[in-house]
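This report refers to the structure that appears directly beneath it.
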Amino acid sequence: MLDQLSWKVGGQQGEGVESTGETFAVALNRQGYYVYSFRHFSSRIKGGHSNDKVRVSLKRFRASTDYTDVLLAFDQETIDLNVGEVRNGGIVIADEKFKPTAPDNVRLFVIPLTKIAEECGSAIMKNMVSLGASACALGLPVDIFTEVIEERFRRKGQKVVDQNMEAIQRGYDYMKELGGADPEFALKPADGTKRLFMMGNDALGLGALAAGVRVMPAYPITPASDVMEYLIKKLPKVGGVVVQTEDEIAAMTMTIGAAYGGARALTCTSGPGLALMMEAIGLSGMTETPTVIIDTQRGGPSTGLPTKQEQSDFLAALFGTHGEIPKIVLTPATPEECFYVVGDAFNLAEQYQCPVIIMTDLQLSLSKQSTDILDHKAVKIDRGLIASEEEATAAQSHGEFNRYALTESGVSARTFPGMKGGIHKVTGVEHAENGRPAEGAPNRQNMMDKRLGKLKDVEIPGSVVRTGDENADVVLVGIGANHGSIAEATGTLRAEGYKVAHVHLHAILPFPTHALQQAIAGAKKVVVVENNATGQIKHLMSFFGVQHPDVVSLLRYNGQPFLPSEIHDEIKGML
Amino acid sequence: MATVKDFRNDVRPNWCPGCGDFSVQASIQRALAALGKEPHEVAVISGIGCSGRISGYVNTYGFHGVHGRSLPTAQGVKLANRNLTVIASGGDGDGFGIGLNHFMHAVRRNMDITYIVMDNQIYGLTKGQHSPTSAHGFTAKTTPSGNIENALVPSQVALAAGIGFLAQGFSSEVNQLVSLIEQAIQYKGFSLVNVFSPCVTYNKINTYDFFRDNVFNLEQLEDYDATDYLTAQRAITEHNGLVTGVIYRNDNKVAYEDQIPGYEETPVAQANLELSEDVFAAALKEYA
Ligand SMILES: Cc1ncc(C[n+]2csc(CCOP(=O)(O)OP(=O)(O)O)c2C)c(N)n1
Ligand code: SF4
């Protein structure tokens, strides 16, 4: 009996690989297993190998495995490309149609997937047949799929539901006859705990809804588009709107306009779009207009590896704008954090009146995983300092509201167009307290101090989270989706008796120098794990004054996410 | 009720004496007063250029953003608060050079905002480079031996993009300009008032006299039918874009914000942001 299992389905893109993986994953998530799925896809719409790897376990893991127990192949290419990771004695289930062959160290089960599907009504149900066969191999009852199938096909009528269920049953029976139900592969039963199954992008969309977003201008780009597509469905329910703009410059400036107009406005992009937004992000900082930008990182530069994992926009996000503005950069690591971080981002943006960038990466954005139930009531809305009509009228100079009044904190009250008594000027040109252009040297210095001073002594709560051994020899520093692999590698190393800790960064601007310094203190070695070629986070640590005699990088920039075993092996090699 | 005076502030424009932009500013102020608007109900959004300074000179809410992006910024403001009168304004370089993409798409999108361009056929603020509306052969700092590019004709572009309200004015004809701006603001959808607004410092070709001699006022025509697309197109073509008056209007278009599914009548800027239990529960269910 297995505590955990790695199952993979592969075929040509557009062949139903995704829906097969999704149905399998959702069904198991509903049983209370922890499920983590990662999709491999090419930058093509149809054709090209794609696969969906699903890890199922009784314990929470947030990363894939380096092996596969069961491989479901819709074509020979899938076997050729993936059989190398099928463990010895592992199972390959393949369609009879393409006369599959596989090496001797695995057990090949050839099933007439397409033929059975056709008998049930249509060839497209071959994925259902394969799901039935998988269930049998894993000792799972077929009825775990019933609910999911009903929900998915209910709209198409009972007949379609029945046909699909029949296809699953027949796959199950066929596998049983082949003797594919091996107790060695059976999964231990789960406890039925209810969890969600979602990817980071879903959680960001939901988080935006909970945070009170009403305007979202954005331009499509992988892997960010889902957030926009999600909100296109949801914002009408709360009276809001998504605009697909002509480009990212429009998306960012429209976001600024809407925020200035009094809405909570959000835009979402990936590296190339972030690059285009830079001038406008400067405008947001200079005019103290609170905006939130989600950057779902992918392989760069230029069009780079648009469907592959990378974390290489950190320096761009921190330093990309011309000139100097206050800015906040948050880096969630899990779907739960993606959900809550949007509300935090808006609260921070409005409290400090500056742009806030939320950075995820392709792996976090797109990998679906078991997610704890989310609570929108825990998302508090704090709109920062807003002047009432009376306050605005009282705080006028030259007949205009002093929008940029110099205050102790550097934060001054806002008013929104439409409010009587609140009329003022906003300009990206250096300005006086009432917002009018003012180029004088003392004013320039005061205003720069005001803006930059807002975040001078701020460390975002929870920026640095440390787990693992108190007196660790090695501290692994990570960011974004690498949380899962690092946590798992740390766990394995500790179980092997090594003294290891995991320090994760949840915000990198204002850089949490103090908290990070404390978190790595005493370690013999610090290993910074990140998905880029130049060690951006490691550079940021030294740039922002984190001191340690032995800091090294563990980098991966081939487009693939880190696997826990890879981190484990690398660290072991350093010890 | 607000008067013209209420739309003035005490800022002295930094425009050169004689710059056409003064009249545009005065016309906007007169039009707003004539329409019975209150200063706080209006937002003027501009880009960068001499003309872009206009948002600072009218006593309304004003936002002076980055070069070429007044239109998306203005659309954002309108989306946040549909009750506002939103005016985007700036120069020909700002609007038809760096910002042309946004112009075409603002026309397509058709939000109820008014775009007023001060078209001086030159880059003023950067001291005299040719602009997208400079004629072929035009000499300027960046075209010392004459412009080898062809001029963009804003009215033609606007019409081709499918604009619902198109007018052109001339800085010297203030009464007409006020009326054009009034009609543009009243129009329910995206409207353009392109104004020939001479740069007296850098443009020695397209002077007040040049426009006086070359511009054809469509109001002279008794039977001009601005609602007829082909008529409008012919007028622009025959005069190489140098026409004034309401060139085209289409009252059958529906503004963007009136078509957004579920978009509330009350401005979203004033919405209660608490998410209802039902909406959230339904959203969660999709991931169960
Ligand atoms: C991104 C960017 N590029 C260039 C500039 C420099 N710049 C400022 S105004 C301007 C041209 C202004 O021309 P126009 O819009 O015709 O306005 P005018 O000054 O003639 O009224 C340029 C190129 C800038 N501010 N920003
Ligand atoms: S340079 Fe030209 S456009 Fe600019 S203010 Fe002077 S006259 Fe007007």
Per-residue tally against chain B (heavy atom, under 4.5 Å) across G205(A), P217(A), G261(A), G435(A) peaks at G261(A)

Given L206(A), I249(A), N29(A), L235(A), the one with more heavy-atom pairs under 4.5 angstrom with chain B than any other is I249(A)

Option in N9(B), V279(B), D10(B) with maximal non-hydrogen atom pairs under 4.5 Å from chain A: D10(B)

Using heavy-atom distances under 4.5 Å, tell me whether A250(A) contacts chain B through its side chain, its backbone, both, or neither. both

For the interface with chain B, which of P417(A), P437(A), G240(A) has the highest count of heavy-atom pairs at distances below 4.5 Å? P417(A)

Ranked by heavy-atom pairs below 4.5 Å to chain B, first place among P236(A), A263(A), G262(A), G239(A) goes to G239(A)

Distance-only donor-acceptor pairs under 3.5 Å for side chains of residues 264-271 of chain B, two or more places apart:
none

When rounded to the nearest 0.5 angstrom, what is the spacing between NZ in K234(A) and CD in E286(B)? 3.5 Å

Members of residues 19-34 of chain B whose heavy atoms come closer than 4.5 Å to chain A: none

Counting heavy-atom pairs closer than 4.5 Å to chain B, which one of L209(A), I423(A), D247(A) comes out on top? I423(A)

Residues from residues 44-55 of chain B approaching chain A under 4.5 Å (heavy atoms): I45(B), R53(B), S55(B)

Within residues 58-88 of chain B, the residues sitting under 4.5 Å from chain A by heavy atom, in sequence order, are V58(B), N59(B), T60(B), Y61(B), G62(B), F63(B), H64(B), G65(B), V66(B), H67(B), R69(B), P72(B), T73(B), Q75(B), G76(B), V77(B), L79(B), A80(B), N81(B), L84(B)

Take atom NZ in K237(A); do more than 12 heavy atoms of anything else shown fall under 6.0 Å from it? no

Using the ring centroid of each side chain, check whether F339(A) and Y287(B) are separated by less than 6.0 Å. no

For each of A251(A), G421(A), G212(A), G418(A), tally heavy-atom pairs with chain B at distances under 4.5 Å, and name the one with the top tally. G418(A)

Side chain, backbone, both or neither: which part of E389(A) has a heavy atom under 4.5 Å from chain B? neither

Exercise: identify the closest heavy-atom pair between N101(B) and E246(A): ND2-CG, 3.6 Å

